[in-house]
Novice: 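Got a structure for you, questions after.
Lettering of chains follows the sequences in order, A, B, ..., and the numbering in each one begins at 1.
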Number of protein chains: 2
Amino acid sequence: MSVMPQKVGYRDIKQEVFRRIRNNEWPPGTLLPGEVELAAEFGCARATVNRAMQELSDDGIIDRKRKGGSRVNLTPVRQVTFEIPLVRSEVEAKGAVYKYELLYNKSDIAPLWLQNQLSLPVHSHVQHIKCIHFADDKPYQYEDRWINQKVVPLASEFDFLKVSPNEWLISEVPYTNAEVRFSATSAEKPVADALGVGVGEPVFKAERITWLSGEPVTFVRLYFARGYEMIASY
Amino acid sequence: MSVMPQKVGYRDIKQEVFRRIRNNEWPPGTLLPGEVELAAEFGCARATVNRAMQELSDDGIIDRKRKGGSRVNLTPVRQVTFEIPLVRSEVEAKGAVYKYELLYNKSDIAPLWLQNQLSLPVHSHVQHIKCIHFADDKPYQYEDRWINQKVVPLASEFDFLKVSPNEWLISEVPYTNAEVRFSATSAEKPVADALGVGVGEPVFKAERITWLSGEPVTFVRLYFARGYEMIASY
DNA sequence: ACAAATTTTATGTCTAGACATAATATCATT
DNA sequence: AATGATATTATGTCTAGACATAAAATTTGT
């Protein structure tokens with residue numbers, strides 16, 4: 001038997017159970033002892049064990065079923081989480097000075113491809129904005145965005161000279177849902193010019209569609225400068 | 001006052017609090033009522049409110065501090081989570097037939113750059129493996145991997161002709177930590193040949209370093225075929 | 001042997017109350 | 001005014017016990 005700390009918290013239990021799993025004392029597929037049993041072993045209440053196991057389940061380490069008990073996941077679900085910061089914060093976090101420049105700002109009727117992307121009705125009004133974000137006066141990100149005026153009518157009036165649509169939208173329509181697609185693409189002329197790279201050079205691209213309770217809010221294409229890396233740990 | 005369900009669960013509270021935040025009843029920065037107060041309003045125990053608020057905090061919606069109370073996050077921390085599937089699963093999920101081919105497999109001394117990447121001692125032995133993953137006989141992903149033989153000595157003996165290092169490592173060394181870096185790069189000759197694209201074409205690249213309780217396990221560079229997109233929702 | 005009804009069981013969730021802890025606010029001292 | 005000690009407070013965590021619920025295991029009916 002192992003020596004237990006004076007007071008066993010859910011973190012201790014979580015850690016110890018995880019340790020046994022990692023050390024193959026409880027290999028993948030193993031049916032773990034029930035909560036009551038573990039509570040007895042660790043000398044604590046079942047609720048404490050419950051919290052530990054719940055978190056292990058959230059982390060994708062174990063799989064729990066009512067009555068079925070908890071078992072070690074056969075294929076641990078590894079997942080990365082990326083934070084999606086404001087461009088400004090991202091730039092400033094690197095210790096660089098952030099600057100923003102508006103390139104284009106016009107109200108328009110949604111082109112066909114955008115209609116499809118956002119499931120918009122025909123003749124929908126959208127605000128089309130192009131701008132560029134700098135880090136220490138070097139181009140950092142080129143942004144090509146469409147905003148659905150039906151959901152955000154103020155977009156047509158707002159002056160995007162000082163504040164980027166990125167930041168304005170977050171203050172205007174927070175707590176949205178979104179889908180992001182990351183890919184590598186070769187720089188077309190406008191993108192290449194804006195980012196100061198050669199036409200055809202590889203560029204890291206992100207496309208994002210944003211909804212507010214089912215209604216499409218905005219579609220944006222982001223092109224990152226040469227050497228950009230998206231980093232995450234898990 | 002609103003009509004409450006007969007039994008108020010933590011989900012109800014979480015949902016209701018979130019609703020008020022989204023509807024700007026509690027705009028960003030607002031100091032929320034304390035747990036005791038909310039418990040009184042919802043007619044439940046403080047622990048129930050606690051669980052709801054804890055989850056809102058985990059979700060990055062609110063910010064909690066002891067004694068300071070809970071307040072609505074000024075800039076909601078949006079985060080995407082990507083699942084990291086096995087290449088095989090990824091390919092098969094697209095309804096394609098998976099195939100794997102080993103290109104190179106040699107034991108070697110870690111080159112300097114790898115020493116640095118993995119913080120390895122000099123003259124470390126590593127297994128260097130190159131292989132390619134197909135979807136419906138079309139190149140899908142080119143893999144260039146180094147495995148630390150100190151942590152995974154069996155790597156030098158294992159026959160990677162049938163089973164990819166990807167799958168073998170997961171069964172051999174599960175529950176690792178990792179850092180991933182995604183970027184766009186232009187295809188060098190070997191990559192271009194393997195993926196069947198032109199030299200210099202943009203390629204989506206992922207680099208991953210994996211540790212097992214502090215010890216570096218493997219470094220891998222993954223190059224994806226033209227048109228690859230990494231998709232996530234949040 | 002098969003299907004339907006019943007029991008059993010492990011997890012899911014809630015409660016009321018308690019003590020812990022970090023951070024702020026307040027008060028006393030130099 | 002700056003410093004240090006002390007009280008206050010909101011969240012963090014735990015407990016013991018309870019009832020809920022999904023799903024497996026068993027019994028019953030045909």
Novice: Name all residues meeting the side chain to side chain donor-acceptor pair (under 3.5 Å) criterion together with E25(B); count only those two or more places apart in sequence or in a different chain, and write none if there are none.
Specialist: R19(B)
Novice: Mind listing the side-chain donor-acceptor pairs of residues 221-230 of chain A below 3.5 Å, one per line with the distance, residues two or more places apart or on another chain?
Specialist:
| residue | atom | partner | partner atom | Å |
| --- | --- | --- | --- | --- |
| R221(A) | NH1 | E207(A) | OE2 | 2.9 |
| R226(A) | NH1 | E201(A) | OE1 | 2.5 |
| R226(A) | NH1 | E201(A) | OE2 | 2.9 |
| Y228(A) | OH | E90(A) | OE2 | 3.0 |

Novice: Walking along DNA chain D from 5' to 3', note the first and the last nucleotide with an atom under 4.0 Å from a heavy atom of chain A, and give both.
Specialist: dT13(D) to dA24(D)
Novice: Base, sugar-phosphate, or nothing: which does R51(A) touch, judged by heavy atoms less than 4.0 Å apart?
Specialist: sugar-phosphate
Novice: Could you list all the side chain to side chain donor-acceptor pair (under 3.5 Å) pairs where at least one residue sits in residues 158-171 of chain A, not counting sequence neighbours?
Specialist: R88(A)-E167(A)
Novice: Any residue in residues 28-39 of chain A with a heavy atom nearer than 4.0 angstrom to DNA chain D? Just list them by number, or reply none.
Specialist: none
Novice: Quick check on contacts: within residues 56-65 of chain A, what sits under 4.0 Å from DNA chain C by heavy-atom distance?
Specialist: R64(A), K65(A)
Novice: Assuming nearest nucleotide by heavy-atom distance, tell me which of G68(A) and K67(B) is located more 5' along DNA chain D.
Specialist: K67(B)
Novice: Taking for each residue the nucleotide of DNA chain C with the nearest heavy atom, is it R66(B) or M53(A) whose nucleotide lies nearer the 5' end?
Specialist: M53(A)
Novice: Under 3.5 Å, which donor-acceptor pairs do the side chains of residues 56-66 of chain B form with other protein atoms, sequence neighbours left out?
Specialist:
| residue | atom | partner | partner atom | Å |
| --- | --- | --- | --- | --- |
| D59(B) | OD2 | K14(B) | NZ | 3.1 |
| R64(B) | NE | S70(B) | OG | 3.1 |
| R64(B) | NH1 | E35(B) | OE2 | 3.4 |
| R64(B) | NH2 | E35(B) | OE2 | 2.5 |

Novice: Drop me the distance from Y98(B)'s OH to L86(B)'s CG, to the nearest 0.5 angstrom.
Specialist: 8.5 Å
Novice: With sequence neighbours left out, what residues match D137(B) under side chain to side chain donor-acceptor pair (under 3.5 Å)?
Specialist: K99(B)
Novice: How is R71(B) classified with respect to the nucleic acid when contacts are heavy atoms under 4.0 Å: base, sugar-phosphate, or nothing?
Specialist: nothing
Novice: F82(B): which residues meet the ring-ring contact (aromatic ring centres under 6.0 Å, His included) condition with it, sequence neighbours left out?
Specialist: F82(A), F182(A)
Novice: Sequence neighbours left out, what passes side chain to side chain donor-acceptor pair (under 3.5 Å) with D144(A)? Give chain and number order.
Specialist: H128(A)
Novice: Listing request: all salt bridge (charged side-chain N to carboxylate O under 4.0 Å, His left out) pairs with a residue in residues 170-179 of chain A, at least two apart in sequence or in separate chains.
Specialist: E179(A)-R181(A)
Novice: What residues, two or more places apart in sequence or in another chain, satisfy side chain to side chain donor-acceptor pair (under 3.5 Å) together with Q127(A)?
Specialist: N105(A), Q149(A)
